[in-house]
Each structure stands twice: as C-alpha cells, then as structure tokens.
Amino acid sequence: MTTPALLPLSGRRIPTLSPGASSFPHHRATLRLSEKFILLLILSAFITLCFGAFFFLPDNSKHKRFDLGLEDRASTEDTMSTDTGKDPQNLRDKIRADHERALQEAKEKLRKSREELKAEIQTEKNKVMEDLKKKDVGPKPLPPVPMPKVVGVSDGEPPEPDVKEKRDKIREMMKHAWDSYRQYGWGHNELKPIAKKGHSTNIFGSSQLGATIVDAVDTLYIMGLHEEFKDGQEWIEQNLDFSVNAEVSVFEVNIRFIGGLLAAYYLSGQEVFKLKAVQLAEKLLPAFNTPHCLISLFLFVLVFFSGVGRNWGWASAGSSILAEFGTLHMEFVHLTYLTGNPAYYQKVMHIRKLLAKMDRPNGLYPNYLNPRTGRWGQHHTSVGGLGDSFYEYLLKAWLMSDKTDTEARKTYDDAIEAIERHLIRKSNGGLTFIGEWKNGHLERKMGHLACFAGGMFALGADGSPDDKAGHYLQLGAEIAHTCHESYDRTVLKLGPEAFKFDSGLEAVAVRQNEKYYILRPEVIETYWYMWRFTHDPKYRQWGWEAAQAIDKYCRVSGGFSGVKDVYSSNPTYDDVQQSFFLAETLKYLYLLFSSDDLLPLENWVFNTEAHPLPVLHLGNITLPGSEPAQR
Ligand code: DMJ
C-alpha cells in the first residue's frame, strides 16, 4: 500500500513524472513531495479506511446509510447482509486489517532515512512511467481505408540546366542543415548551430521529441535524400515516444508533428508514420474534453498524459488564439479519414459552428477569444501572427475537400472581403500592405508572417465570387512585391520580422526588436505560389536572391542560424536552426526550382507548416460523423 502517497487522489494527473515542466504549480509541489510525505502517510491511513468502506459497500444508497452513524448501524448491517450476502463482521475485520496495515506501513516509512524515501519515490515514478509506456506500445489496428489518389510524387527535375543547378544548391543547403542537426542535435527538438548542441523552446515542452526530424522527413523524401529519409524514419520508429509528461502547444504539435507524419505517410506509403500520427492525435484529444464546451474547445496548451490543458498566460487574459484553434481542420479531417474515428472531424466542425454563431466586429475575426465567456477578447485582427493560418485553413478546407466544403469557402470569402476593406491599404509609394486592426484603428505595420497571404490570395483566386479571380491574383502579386521590397531594402537582403508604412517609411523595420530574420518561409512561400500560377520569372529570381542571402549570412559550420539585425553588415546570430527552416523554407525553395509536375496543386494541399496532404475526394467518400457532401 505505497502508491496512494505517490499518486494524486483524483487519479487524473500524474504530476510527479517530470522535473522539467516546472511552470505548473503541481510540479513545484512535486519538488517538495518528500517533505510532505509524512503528512501524506497519515492521510493514507484515513484514505485506506474510506477506500475499504466504499469498496465493500454495494451501492450509493448503502453509502448514505453507512454515513448515518452508529445509531443507524444495526439497520445498515441488516440491509448489507441481506443485499450482498456478506457477513458484516468480516467487513469490519477487513477494514480494521487494512487500517492496521496502513498504520504499520506508515511507521515503517517513518523509520526510513530521507535518502531511502527519495529512492522509493524514484522507483515508484519509474514504475508509473514504465506502465504508461507499456500501455502506449502496441499500435491499435486501424481500419483499412483506401489510400487517396497520390499523384505527382515525381522527381520534378526542371528541363533548364541553370534552374537545375539552383535546385541542386537548395538540396545541398538542406543536406547541410540536416547533417549538422544529425551530428550535433540528433533527437533534440532543434539545433543551436553555433554552440553545436540541441535546442528547444516551450512550444515543445520540456521533452526531446525530435521536432526537426519529424518536420523535415517529408522534405528529405521530396528532395530524394533517401539515406537521410531512412535515418529519420528509423529514429521515428524507434524513438518517437509520446509517453512523456510534456506541456506542448496543441497548435504546434498539430501543424509540425501530425502534419509532418501524415505527409510522410502519404508520400512514402510507410505505415509507421500513420501509426505515430494517430498515437499522437489520441494524446491531443483530451485538450477538447473538459466539461465546459467552450473552454474545452479552446484550450490550446496541453499536458500529455494528464490531459490537462490551459491557455498561454500571455494571450489577452488567458484567451484562446484564433490561429491556434482555427488551424486544425486539415489534419483532423485526415485523421478521421484514416482512423474511422469521427471525433477529430466533429471537434473541428464544432469549432466552426461556434465561430459561425458569433458576431464579428466589422465582419472581422478578432485574434483573441475568451473561452470562459465565449466572447471575443481584445478587438485585434491580423493576417500575420495570431490570425494568419485561420484564414489559410478556411480556404484549404475547401480545396482539400475537392471543393465540396462550400461552407468553408464562403466563410473564407466573407473574411477576406472584410480584411480587404479594413486592413489592406496602398502606401504613398504605391506598395500594397496588410496592416493590423487594433480596436478600430489601423496600425500601418506588416509582419513577415503576413507575407504568406500573397500566396493564399493567389491560391484562392480560382473560385472567388463575382468573377474576382483576376483581382485576387493581382492582390497576391502586389503582396509578393511589397514583401520582396522588405527584403530588398535591407543590407543583408533578408526580410525583417515586421516593417512599417508610416511617417515617410516604407517596408522597413523601425524598432530594433523587429529587425531580426529567423529563417522564416512566408515570403518564399508566396514566391512559389505566384510562380505556379503565373510563371513570371521574377519569382524565381526573387527566390534565388533570398536563397543566396540565407547561404551567405545565415550559414555557419554547424548549420543555419537566424540573424538579429538584417540592416547591419555585421550581424550577430541568434544561434537557432528552426525546424520550419527544413520543413518549409527549403522545401518551398526546392519546389520553386522544380517543374510543376512535382506535387501539383490540384492534388495536394500544403498545411501551414508546408506538409503536403492529398485532396480527399469527399464527393465520393463520406467521412464518419459527417453528412454526405453536397456538390
Ligand atoms: C510556421 O511554423 C508556420 O508557418 C506557422 O503557421 C507560422 N509560422 C511559422 C514559421 O514562420
């Protein structure tokens, strides 16, 4: 009877497993566990008494009678013996024996030294971890579902020798990034290319989940780096383990891990990726399962295993973030398709329904939603950070459904129309930019993240209402041009994190803390989409300029690093090789210099982390939990 002192009474949390996730109060309590041990031991005697009593009583009505006290005991005993056939004397003996055993154990504990107690606690922790791991191993059988039509997984070699040369250079950059990570950061989430060691941030929790491997494997596959792909696959097979007590961002885990694993599965056909994606997705489901519907749907940091979610502390009084709860659709629809489990599809459709019912100030979606009240938080709207991929996923939900999800398309069209009306402006110098809406005021500042929208407008052009396809393609081109200017007006020819269109300034960063470039993909992403839709050679030219600048200023012997000031000819490094550099930046560059038959956009939809997922022909398939699609 040692476990009650180690396991929480509710049995829902397992707070004693990881010293790393110390931001939670229960983890701090864990550190003082041995000090509290004596108190818990005394409690354990009491708990034993209660457990014993509850365990042997037949049902709730009997519990009540038992609680009535001594004067009722005779009648209680009568009832129990009639109902259960158990001898009340035996029951009393059993409770007494349990009680005495607990006291005896408590006495033994008190005789032990602090070190012995610590060692015992550690053994218990290890046992719990082992049990959890065992539970996790055997992959559950998945229903056989037909592989969606996977086309265009071709080599994509461009016919022009100079383009091929550029593509080879990008592949070489990928190899340098991967080999460096392989050598210095293997198994860690990311790499510190200067310090030449592993790196992680709070989005991955305190665990080493090999984020770079999972994020990069599909890029390796697409680039034909077979040995490296095999290496990554092997690591995933043998080491990617979700039996950890980690506090992770549901959004990041979804776009990088689930998206990465699903893409690797569809591209390579290797079952292991599908199984890992499904195992991981099951871990995310408790984030949706608290009793209050709204809260449950919008809690977006989750602790694996305990299944307890919370929101980011920094987000407008613990609000939920539009781009986080609005960026699940693609992956979750695929999960329902592959597992036959309607839960994933239902979760995302429920979020959609809740949003559809809400009033939108000026037709805009604010970035923050208060999960307790179900009302918007601060009225800030952005196509950059905090809002971006919500809009992207509306459009992509429609594309991924083979254009049958017309509700998603309509929601996208309405949202974009409001954004154009309130957020998109032309600067005095003629640059089209997307500003940020803050409480009824337009801030004339655009983030690097918002540059992805050029590609989104181009991708959504076909199918726009009122014959506006040409208009949206033009808008995409204008955003691409503005974002190129933000690169071109720097010393390093790399774009800053945010740039202004104010007080005579055009497309340049003003504040020191907005001058950094952290290997982000959005501008190159837009070049690629614009290239696919227009074949205007300037997009390849601009992409090549960016690739050369990255190779010149971000490449170091231990990989690639972000730089702190793109306006300084002598920049300092931030010493982080982001996993999205391999997942997105290098992938989009490679595709930019490949022929269009590699991953055609009619057949593949890229998630927000650039992981390609095949179109599901929902006209012919009915997802479990959904209505048959209407054309
Ligand atoms: C990526 O992780 C994703 O593109 C996300 O949607 C936002 N941006 C980062 C990279 O900049």
Side-chain angles (χ1 to χ4, degrees), residues 177 189-190 199-204 209 211-219 248-263 300-301 312 315 321-332 367 382-397 434 436 446-456 459 479 483 486-487 494-499 514 516-529 546 550 554 560-563 566 574 576-589 591 605-613:
N189 289 320
E190 291 177 320
H199 168 78
S200 198
T201 64
N202 64 345
I203 58 172
F204 304 117
L209 296 167
T212 295
I213 304 175
V214 185
D215 230 2
V217 277
D218 63 344
T219 308
V248 295
S249 153
V250 173
F251 162 76
E252 297 289 354
V253 166
N254 180 54
I255 66 168
R256 300 190 198 212
F257 285 77
I258 296 193
L261 291 165
L262 290 178
F300 273 91
V301 181
W312 296 109
I321 294 164
L322 185 67
E324 295 208 332
F325 60 76
T327 309
L328 300 166
H329 193 96
M330 292 180 65
E331 296 80 2
F332 275 40
N367 292 336
S382 161
V383 180
L386 308 178
D388 47 9
S389 42
F390 164 72
Y391 306 100
E392 177 186 357
Y393 269 37
L394 291 174
L395 173 65
K396 290 182 176 177
I434 313 176
E436 309 224 331
M446 182 167 175
H448 191 288
L449 288 165
C451 285
F452 94 95
M456 177 177 75
L459 183 64
I479 298 297
C483 293
S486 80
Y487 274 51
L494 291 169
E497 181 68 2
F499 39 96
E514 292 173 345
Y516 61 86
Y517 173 68
I518 56 166
L519 305 170
R520 286 200 191 277
E522 292 76 16
V523 175
I524 294 166
E525 174 181 349
T526 278
Y527 295 161
W528 175 59
Y529 280 108
I550 291 171
C554 301
F560 288 88
S561 166
V563 287
V566 290
D574 69 1
V576 180
Q577 179 175 286
Q578 308 275 349
S579 78
F580 55 66
F581 179 61
L582 294 88
E584 299 189 70
T585 314
L586 292 172
K587 187 186 286 143
Y588 286 131
L589 278 169
L591 291 169
V605 187
F606 287 69
N607 88 341
T608 192
E609 188 78 1
H611 297 305
L613 301 178

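Ligands are counted one by one from 1 in listed order, and the atoms in each one are counted from 1 as well. Positions are given from 1 along the sequence.
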Write out the residue and atom name of the closest protein heavy atom to atom 1 (C) of ligand 1, then the distance separating them to 0.1 Å.
Glu584 OE2, 3.0 Å
Measuring from Asp574:CG to Ser561:OG, what's the distance to the nearest 0.5 Å?
4.5 Å
Among all protein heavy atoms, pick the one closest to atom 4 (O) of ligand 1 and tell me residue, atom and distance.
Thr608 O, 2.7 Å
Between ligand 1 and Glu525, can you find any atom pair, the residue atom being a heavy atom, that is separated by under 4.0 Å?
no
Can an N or O of Asp388 be found at a distance shorter than 3.5 Å from an N or O of ligand 1?
no
The answer for which part of Arg256 has a heavy atom under 4.0 Å from ligand 1 is side chain
Check: Cys451 and Phe499 side chains under 4.5 Å, non-hydrogen atoms
yes
Ser389 N/O under 3.5 Å from ligand 1 N/O:
no
Among protein heavy atoms, which sits nearest to atom 2 (O) of ligand 1, and what does the distance come to when rounded to 0.1 Å?
Glu609 OE1, 2.6 Å
Note: Ile518, heavy atoms under 4.0 Å from ligand 1, region reported as neither
Once you restrict to heavy atoms under 4.0 Å, what part of Pro521 touches ligand 1? Side chain, backbone, both or neither.
side chain
dist Ile524:CD1 -> Leu519:CG (nearest 0.5 Å) comes out at 9.5 Å
May I ask you to decide if Leu582's main-chain N or O and Thr219's side chain share a donor-acceptor pair within less than 3.5 Å?
yes
Of the protein's non-hydrogen atoms, which lies at the shortest distance from atom 7 (C) of ligand 1, and what is that distance?
Leu449 CD2, 3.9 Å
Would you please classify the geometry between the Tyr588 ring and the Tyr529 ring as parallel, tilted or perpendicular, with 30° and 60° separating the classes?
tilted
Would you confirm whether the ring centroid of His199 sits within less than 6.0 angstrom of the ring centroid of Phe204?
no
Check this for me - ligand 1, Glu252, N or O atoms closer than 3.5 angstrom, yes or no?
no
Between ligand 1 and Glu522, can you find any atom pair, the residue atom being a heavy atom, that is separated by under 4.0 Å?
yes
Where does the angle between the aromatic ring planes of Tyr517 and Tyr487 fall among parallel (under 30°), tilted (30 to 60°) and perpendicular (over 60°)?
perpendicular
Rounded to the nearest 0.5 angstrom, the OG1-CZ distance for Thr585 and Phe580 is 6.5 Å
